[in-house]
Amino acid sequence: MVRRVDQALNKLWDRLAPLRVGPLKQGAFTSRLHSEHTAAWLGMALGISFTICFATGVLSHMIQQPPGWFTWPARPAGLYRISQGFHVATGIAAIPLLLAKLWTVFPRLFSWPPVENVAHALERLSLLPLVGGSVFLLMSGLNNIALWYPWEFFFPAAHYWAAWITIGALMVHIGAKASITASVLRKREPEPDVPTEPGGMTRRGFLTTVAGAAGLVTVATVGQTIRPLRSLSVLAPRDPAVGPQGFPVNKTARSARVTETATDASWRLAVQGRVDRPLSLSLADLQAMDQREVTLPIACVEGWSATARWKGVPLNDLLRLAGAPGEAEVTAESLQPRGLFRKSELNRLHAADQDTLVALEVNGEPLHLEHGFPARIIGPNRPGVMQTKWLDKLVVK
Ligand SMILES: Nc1nc2c(c(=O)[nH]1)N[C@H]1C(S)=C(S)[C@@H](COP(=O)(O)O)O[C@H]1N2
Ligand SMILES: [Mo]
């Protein structure tokens with residue numbers, strides 16, 4: 001059956017041969033840089049960056065929406081900062097790699113015959129989700145870190161599902177290209193590296209340029225999380241040192257609609273839910289309790305991070321005072337009336353960690369309104385988006 005289809009296809013292409021004009025003509029693309037060698041090296045680099053980007057992305061998703069079997073630890077305190085730093089850095093580095101790869105292989109779009117057999121048809125078909133998905137992931141990710149949302153859909157869900165589709169298509173693609181890539185990389189089929197025209201670009205020159213571009217965009221953004229590289233980070237959307245009290249603000253008090261409720265003198269923090277003694281504490285009550293000081297980063301999913309000295313009441317002390325059960329899980333709810341990030345979950349490890357604070361101060365000053373005044377959650381190894389600002393209540397589950 002398959003063979004019959006293949007034979008019919010061959011006949012069809014013979015008939016259609018007169019259509020081979022323009023880019024479909026033999027030898028329409030002359031540059032030697034459109035070679036298997038270039039494609040193989042770029043493919044390897046993309047395979048590695050996409051794998052790291054995918055793994056760290058799925059991890060970040062699982063931390064924010066944990067399946068039942070998964071409990072993200074509170075230690076080491078800076079692990080999320082590193083994994084999310086890798087996610088954004090590998091995604092950004094992949095942009096020039098992908099552009100170079102697409103340029104290298106695009107003449108194959110016009111290869112003749114368009115499909116040789118059923119397997120070839122499936123392989124070509126898998127390029128649609130692969131290329132479409134890759135471009136969507138890198139562009140939507142880039143838009144997201146620039147805080148620019150020109151679309152209607154919910155970014156995390158779309159980015160997440162596109163990642164699974166893309167990685168599936170990537171598996172098919174790697175399967176189809178593994179042997180040719182391996183033989184190119186092992187130099188079994190040496191192909192001389194001569195420029196197309198005298199004095200033109202060699203393959204080595206082209207690959208070095210692409211690698212340089214990938215390195216450059218990485219260095220130009222990674223300073224938003226690695227402080228010593230700050231001054232080189234001309235493309236980074238965030239400078240970790242710019243903002244009230246020396247670090248950035250994502251969600252402002254105004255856009256969260258908490259300007260009035262958060263500055264109301266009658267503000268109280270409620271501790272309720274599965275507790276023996278529900279609490280309602282004023283700012284003065286909280287200030288009168290034993291304070292603890294910790295140095296922890298805010299590590300935003302967008303790849304910037306900033307370390308600060310936080311001071312406040314350990315969440316665990318409040319839980320004990322309220323008579324919450326051991327191993328309690330807690331939902332921290334904000335005064336913010338609407339929005340997906342108005343609350344966050346603290347799993348049993350985060351709730352029990354003595355460094356998880358209801359923070360009242362940062363870097364020796366009361367929290368700025370933009371940083372969550374009168375009180376915010378700050379805990380080790382939590383994504384920035386789960387460091388809930390403008391606390392209203394803690395609900396024990
Ligand atoms: N209530 C509330 N808290 C929030 C957010 C929010 O939208 N609403 N954004 C979070 C995000 S995405 C980050 S990165 C940090 C930023 O903290 P900062 O503004 O104090 O630097 O706050 C988090 N806390
Ligand atoms: Mo964030």
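Indexing begins at 1, ligand by ligand and atom by atom, following the structure's order. Remember, it's a predicted structure, so these values are computed and weren't measured experimentally.
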* Structure fact -> In terms of heavy-atom contacts, Gln84 and Thr56 come closest through OE1-O, 4.3 Å
* **Gln336, any N or O under 3.5 Å of ligand 1 N or O** => yes
* **Flag side-chain contact, heavy atom, 4.5 Å: Lys311 against Val362** => no
* Asked: Below 3.5 angstrom, do we get any N/O pair linking Ser334 and ligand 1?
  -> yes
* To do: Closest by any non-hydrogen atom to atom 16 (C) of ligand 1: pick that one out of His371, Arg376, Lys343, Gln387.
  => Arg376
* Number the atoms of ligand 1 from 1 as they appear, then name those within less than 4.0 Å of a heavy atom of Asn250, with their elements. => 12 (S), 14 (S), 19 (O)
* Asked: Looking only at atom types and distance, does a side-chain atom of Arg124 sit under 3.5 Å from a main-chain N or O of Val115, one as donor and one as acceptor?
  -> no
* **Listed partners of Phe206 passing ring pair (Phe, Tyr, Trp, His ring centres under 6.0 Å), at least two apart** => Trp103
* Asked: At a 4.0 Å cut-off, with the gap strictly under it, does some heavy atom of Pro248 reach an atom of ligand 1?
  -> yes
* To do: Go through ligand 1 atom by atom and flag the ones less than 4.0 Å from a non-hydrogen atom of Phe247.
  => 20 (O), 21 (O)
* To do: Name the option, out of Gly372, Gly384, Ser344, Pro244, that contains the heavy atom nearest to atom 10 (C) of ligand 1.
  => Gly384
* With a 6.0 Å cut-off on ring centres, are Trp304 and Phe247 close enough? -> no
* To do: Go through ligand 1 atom by atom and flag the ones less than 4.0 Å from a non-hydrogen atom of Trp304.
  => 14 (S), 21 (O)
* Structure fact -> Shortest non-hydrogen pair, Ala375 vs Val358, comes out as CB-CG1, 3.8 Å
* To do: Side-chain contact test, heavy atoms from C-beta onward, threshold under 4.5 Å: evaluate it for Thr388 versus Glu333 and give yes or no.
  => no
* Of the listed options Lys389, His368, Met386, Lys251, closest to atom 19 (O) of ligand 1 (non-hydrogen atoms) -> Lys389
